[in-house]
Amino acid sequence: MLDIREYRVPVSLTQLKAFLREDSGKKISKTIRKVEFVCLCNAGGRVPGVVFSLPQEQELLVSFAAKDIETQLLRLGRTGWGCHIFDVAVMNGDGKKMTHYPAVGRQVHITADTDVVENVTLIHCPPDRHVKVAVPIQIFGEEVCPGLKAGGRINHISRKVRVLARGDSIPESFELNVSALNVGDKLHFSDLVIPENVKLLEDVAAPALKIMRK
């Protein structure tokens with residue numbers, strides 16, 4: 001187990017239980033990814049994963065229960081996965097003791113023809129670390145939007161927002177209110193409410209959505 005300082009897990013974090021993998025090296029073996037683990041996943045088994053950016057640039061090779069990963073992807077979506085902090089609880093061989101690593105989701109690799117999760121990656125993210133993430137945009141006010149009532153539609157120019165945020169301040173989503181928009185109106189990244197400890201990495205003058213004619 002890697003030697004890192006003791007981490008007190010916030011109650012609010014979603015726990016992902018994991019086991020260490022015996023594979024070594026910086027890349028997941030294609031043989032393991034495409035044969036052993038894909039077969040296991042199809043049988044409701046395990047998904048290989050890597051936690052990157054631990055102290056001294058170490059990485060942690062682990063595996064997760066396939067059903068746990070699928071549950072989180074269904075709940076968060078792939079964009080939400082990439083801006084959500086998890087408590088990665090790594091169990092020892094007998095499953096009685098866990099070491100906890102706060103980590104933000106990064107990539108999810110899914111087999112195109114079967115939708116099986118091949119592997120996932122996460123970034124070690126203690127509360128004081130700054131990370132770049134893409135946060136989903138949520139739209140509200142559609143039921144009273146005059147442009148939509150007049151037969152328009154929302155053109156989602158961007159469905160996510162790139163930000164730099166502390167590990168303890170990553171937003172789950174950003175909201176844009178379309179309740180006063182007419183056909184032709186736009187909302188820009190400057191219309192977002194950016195919380196403290198979060199830096200917007202988008203051009204504030206760029207549009208995020210527009211009400212278009214059908």
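Just so you know, residue 1 is the first one in the sequence shown, and it goes up from there. Computed over heavy atoms, backbone and side chain alike; hydrogens, waters and symmetry mates excluded.
Residues R75 and T14 form a side-chain contact, since some pair of their non-hydrogen atoms from C-beta on lies under 4.5 Å apart. Side chains of H188 and D203 form no contact here, defined as non-hydrogen atoms less than 4.5 Å apart. Within the 4.5 Å cutoff, the side chain of Q56 has no heavy atoms near those of the L54 side chain. Side-chain contact between N182 and I211 is absent, with no heavy atoms from C-beta onward closer than 4.5 Å. Contact annotation: the side chain of V120 never approaches that of L73 to less than 4.5 Å [non-hydrogen atoms, C-beta and beyond].
Nearest heavy atoms, V131 versus C125: CG1-SG, 3.8 Å. Between P195 and F174, the closest heavy-atom pair is CD-CE2, 3.9 Å. Closest heavy-atom contact between E59 and F52: OE1-CE2, 3.3 Å. The heavy-atom pair separating A89 from M98 by the smallest distance is CB-SD, 3.6 Å. Minimum interatomic distance between V183 and M212 (heavy atoms only, all atoms of both residues): CG1-C, 4.3 Å. The nearest pair of heavy atoms linking P102 to H124 is O-CD2, 3.3 Å.
Applying the side chain to side chain contact (heavy atoms under 4.5 Å, CB included) criterion to S179, with sequence neighbours excluded, gives V144, N177. Among residues two or more places apart in sequence or in another chain, the salt bridge (charged side-chain N to carboxylate O under 4.0 Å, His left out) test is passed with D185 by none. E202 pairs by the salt bridge (charged side-chain N to carboxylate O under 4.0 Å, His left out) definition with R162, not counting sequence neighbours. Residues meeting the side chain to side chain donor-acceptor pair (under 3.5 Å) test with D191, sequence neighbours left out: none. The salt bridge (charged side-chain N to carboxylate O under 4.0 Å, His left out) check on R106 picks up nothing, with sequence neighbours excluded. Applying the side chain to side chain donor-acceptor pair (under 3.5 Å) criterion to S158, with sequence neighbours excluded, gives no partner residue.
Note that the CD1 atom of I123 and the OH atom of Y101 stand 15.0 Å from one another [nearest 0.5 Å]. The line from CE of M91 to CZ of F19 is 3.5 Å long, rounded to the nearest 0.5 Å. Interatomic distance, NZ of K160 versus SG of C83, reported as 10.0 Å (0.5 Å rounding). Interatomic distance, N197 CG to D128 CG, rounded to the nearest 0.5 Å: 11.0 Å. Here NZ of K67 is found 10.5 Å from CD of E70. Values are rounded to the nearest 0.5 Å. A distance of 6.0 Å separates NZ in K186 from CD1 in I157, rounded to the nearest 0.5 Å.
Cluster note: L74 groups with no other residue, as no ILVMFWY side-chain heavy atom lies under 4.5 Å from it. Through side-chain heavy atoms spaced under 4.5 Å, either directly or across other Ile, Leu, Val, Met, Phe, Trp or Tyr residues, L164 is tied to L201.
A distance-only check finds a donor-acceptor pair linking the side chain of Q58 to the backbone of P55 [under 3.5 Å]. R21 contributes no side-chain N or O that, together with a main-chain N or O of V50, makes up a donor-acceptor pair within less than 3.5 Å.
Screening residues 164-179 for salt bridge (Lys or Arg N to Asp or Glu O under 4.0 Å) gives R166-D168 as the qualifying pairs, with residues at least two apart or on separate chains. Note on residues 204-214: no pairs pass side chain to side chain donor-acceptor pair (under 3.5 Å), not counting sequence neighbours. For residues 66-85, every residue pair satisfying the ring-ring contact (aromatic ring centres under 6.0 Å, His included) rule, not counting sequence neighbours, is listed here: W81-F86, H84-F86.
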Q: Determine, step by step, whether H100 and L13 satisfy the side-chain contact (heavy atoms from CB on, under 4.5 Å) criterion, reporting the C-alpha distance in whole Å, the side-chain angles of both residues, the deciding distance to 0.1 Å, and the verdict.
A: CA-CA 11 Å; H100 299 271; L13 289 191; over 6 Å; no

Hey, can you pull the donor-acceptor pairs under 3.5 Å for the side chains in residues 132-142, sequence neighbours left out?
none

